[in-house]
Amino acid sequence: MRHIKELVPLLKKGNIVAFCGAGLSSESSIPTFRGKGGLWEKYNPEVFATLGGLLSLFIFSPKKVRDFIVEFYDILLSGKPNYAHYGLAELERKNLLLGVITQNIDDFHSQAGSTEVAELHGNAYKFWCLKCKIVVKKNREEFEKFIENLKSKQSRKEIIREILNFMGKCPGCRKRMRPYIIFFGQSLPQDELKKGYSYLDKAQTLLCIGTSGVVYPAAYLPYYSRRRGAKIININPESTPLDDIADWVIRETAVNFFKIILPILNETFFRHRRIRFRRKV
Ligand code: APR
């Protein structure tokens, strides 16, 4: 393991892509899925993270679905982007970062100002029509109101009606919209995957941040990037399978990593601009 500062020359070359997982948002008070206290400790992912499991629960025990939705969105809505999300957005503004490929559905990259984002597992604020592939995004306030209303619904009929009304209908074909969340066993959204590969095809450096790297097909992407010759930097306080292909293993949290790296990059960035400015005058 080398010192983080030694990475600066590589990062300054640009053409960076970030591949992110739940660990990035753990410092935004969103627990990881597989860590201690993670969602999958309390809710069986075979039921709550599969479309079939969730649909049959919705029909036979809507109260359990209501409790899950309420707990999930209470956590999500109380969090906000952290220093690392803002750090990635800043790297994009400096033209050092080509894009973020994220497995997270919390929308924090967009909220932090990133514009080049491939959302492999969807987005918890979006709904889509499975037929037309039209995607509609609702805002935080709309979700807050929905969750407050849902909490007060007790009967099976009320719960189902509240959820279906909120999801709404496709503006194209009027079919019922579905949550834009990719469940286990579903294929990844092709447009997002294509976008992700287009970033990787230009990447010289891949920052893997806060992912266990065990959920496929998303977990193939770092291997693809490695084969194309990118340097792999794995930022994770714990060991993961991605350590095996990493050129650099950084045993730090995502926020600590950016707190070390950003001030140095800012310093060199502004020095470079000052020199260019002086040359011009
Ligand atoms: N900074 C960096 N990494 C962290 C931090 C932190 N502050 N805290 C935890 N981690 C690391 C953990 O060590 C772990 O390796 O983040 C990783 C989180 O792993 P998972 O919970 O498995 O999350 P992820 O890799 O995103 O899972 C992929 O699985 O359940 C599905 O669809 C869900 O998108 C998710 C996918």
Side-chain angles (χ1 to χ4, degrees), residues 1 4 7 18-54 68 71-72 75-76 79-88 100-109 112 117-126 178-189 192-193 196 206-223 225 232-246 248-262:
M1 205 163 47
I4 295 178
L7 276 174
F19 175 70
C20 306
L24 175 62
S25 296
S26 69
E27 288 163 282
S28 293
S29 315
I30 313 282
T32 58
F33 292 96
R34 290 171 187 75
K36 211 172 170 308
L39 215 55
W40 300 153
E41 220 174 54
K42 188 165 172 192
Y43 294 99
N44 179 359
E46 279 169 29
V47 178
F48 288 91
T50 62
L51 197 55
L54 214 51
F68 175 67
E71 181 165 350
F72 176 75
I75 296 171
L76 194 65
K80 51 182 190 311
N82 64 45
Y83 191 90
H85 295 102
Y86 288 109
L88 286 167
V100 172
I101 304 170
T102 189
Q103 300 165 86
N104 299 343
I105 58 172
D106 51 36
D107 196 51
F108 288 156
H109 291 292
V117 186
E119 295 173 321
L120 295 186
H121 292 169
N123 181 313
Y125 291 90
K126 292 179 182 173
R178 296 285 179 86
Y180 185 56
I181 293 175
I182 310 306
F183 295 96
F184 284 143
Q186 282 189 299
S187 45
L188 302 186
E192 299 300 307
L193 199 58
L206 182 71
L207 299 177
C208 298
I209 313 175
T211 177
S212 56
V214 296
V215 176
Y216 288 85
Y220 281 122
L221 272 66
Y223 295 88
S225 193
I232 312 289
I233 303 170
N234 191 25
I235 303 148
N236 196 316
E238 309 279 328
S239 148
T240 72
L242 292 176
D243 288 351
D244 295 341
I245 57 158
W248 300 71
V249 174
I250 310 282
R251 287 270 175 268
E252 275 295 348
T253 70
V255 165
N256 279 350
F257 172 77
F258 277 95
K259 283 200 167 158
I260 297 170
I261 218 74
L262 261 193

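Order of listing sets the numbers, starting from 1, for every ligand and every atom in it. Keep in mind that what you see is a predicted model, and the values were worked out from it rather than measured.
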Closest protein heavy atom to atom 1 (N) of ligand 1, given as residue, atom name and distance to 0.1 Å: Ala254 N, 2.9 Å
Parallel, tilted or perpendicular: which one describes the rings of Tyr220 and Tyr216, with boundaries at 30° and 60°? perpendicular
Under 4.0 Å from any heavy atom of Glu27, which atoms of ligand 1 are there? 1 (N), 6 (C), 7 (N)
Looking at every non-hydrogen atom in both residues, tell me the closest pair between Ser25 and Asn104 and how far apart they are. OG-ND2, 3.6 Å
Which option wins on minimum heavy-atom distance to atom 5 (C) of ligand 1: Gly210, Ala22, Ala218, Gly23? Gly23
When you measure from the heavy atoms of Gly38 to every atom of ligand 1, does any distance fall below 4.0 Å? no
Above 12 or not: heavy atoms from other molecules or residues under 6.0 Å from NZ of Lys126? yes
When you compare ligand 1 with Trp40, is there at least one nitrogen or oxygen pair between them that comes in under 3.5 angstrom? yes
Heavy-atom contacts under 4.0 Å between Thr240 and ligand 1: side chain, backbone, both, or neither? side chain
I'd like to check whether Phe33 has a polar contact with ligand 1, where a contact means an N/O of the residue lying under 3.5 Å from an N/O of the ligand. yes
Minimum heavy-atom distance between Ile209 and Ala18, given as atom pair plus value: CD1-CB, 4.3 Å
What protein heavy atom lies closest to atom 8 (N) of ligand 1? Include the residue and the distance to one decimal. Ser26 OG, 3.1 Å
Just so I know, are the side chains of Ser29 and Ile75 near enough to count as touching, which here means a heavy-atom distance under 4.5 Å? no
Using a strict 4.0 Å cut-off to heavy atoms of Gly21, name the atoms of ligand 1 that fall inside it. 26 (O)
Donor-acceptor pair, distance only, cut-off 3.5 Å: does the side chain of Asn82 make one with the backbone of Ala84? yes
Protein heavy atom at shortest distance from atom 32 (O) of ligand 1: His121 ND1, 3.3 Å
Cation over ring, Lys259 on Tyr83, under 6.0 Å and within 45°? yes
Tell me: protein heavy atom nearest atom 14 (C) of ligand 1, and distance? Asn236 ND2, 3.8 Å
Quick test of your reading of the model: are Arg251 and Asp243 salt-bridged, counting only N-O distances below 4.0 Å? yes
Specify side chain, backbone, both or neither for Gln103, according to which of its non-hydrogen atoms lie closer than 4.0 Å to ligand 1. both
I'd like to know if the side chain of Glu71 pairs up with that of Tyr43 as donor and acceptor (distance under 3.5 Å, no hydrogens or angles considered). yes
Contacting atoms of ligand 1, where contact means under 4.0 angstrom from a heavy atom of Val215: 28 (C), 29 (O), 36 (C)
Looking only at protein heavy atoms, what sits closest to atom 31 (C) of ligand 1 is Arg34 NH2, 3.5 Å
Measure the distances from the heavy atoms of Phe184 to every atom of ligand 1 and state whether one is below 4.0 angstrom. yes
Quick note on ligand 1: atoms under 4.0 Å from a heavy atom of Glu238 include exactly 13 (O)
Could you check whether any side-chain N or O of Ser28 sits under 3.5 Å from a backbone N or O of Lys80, counting only pairs where one atom can act as donor and the other as acceptor? yes
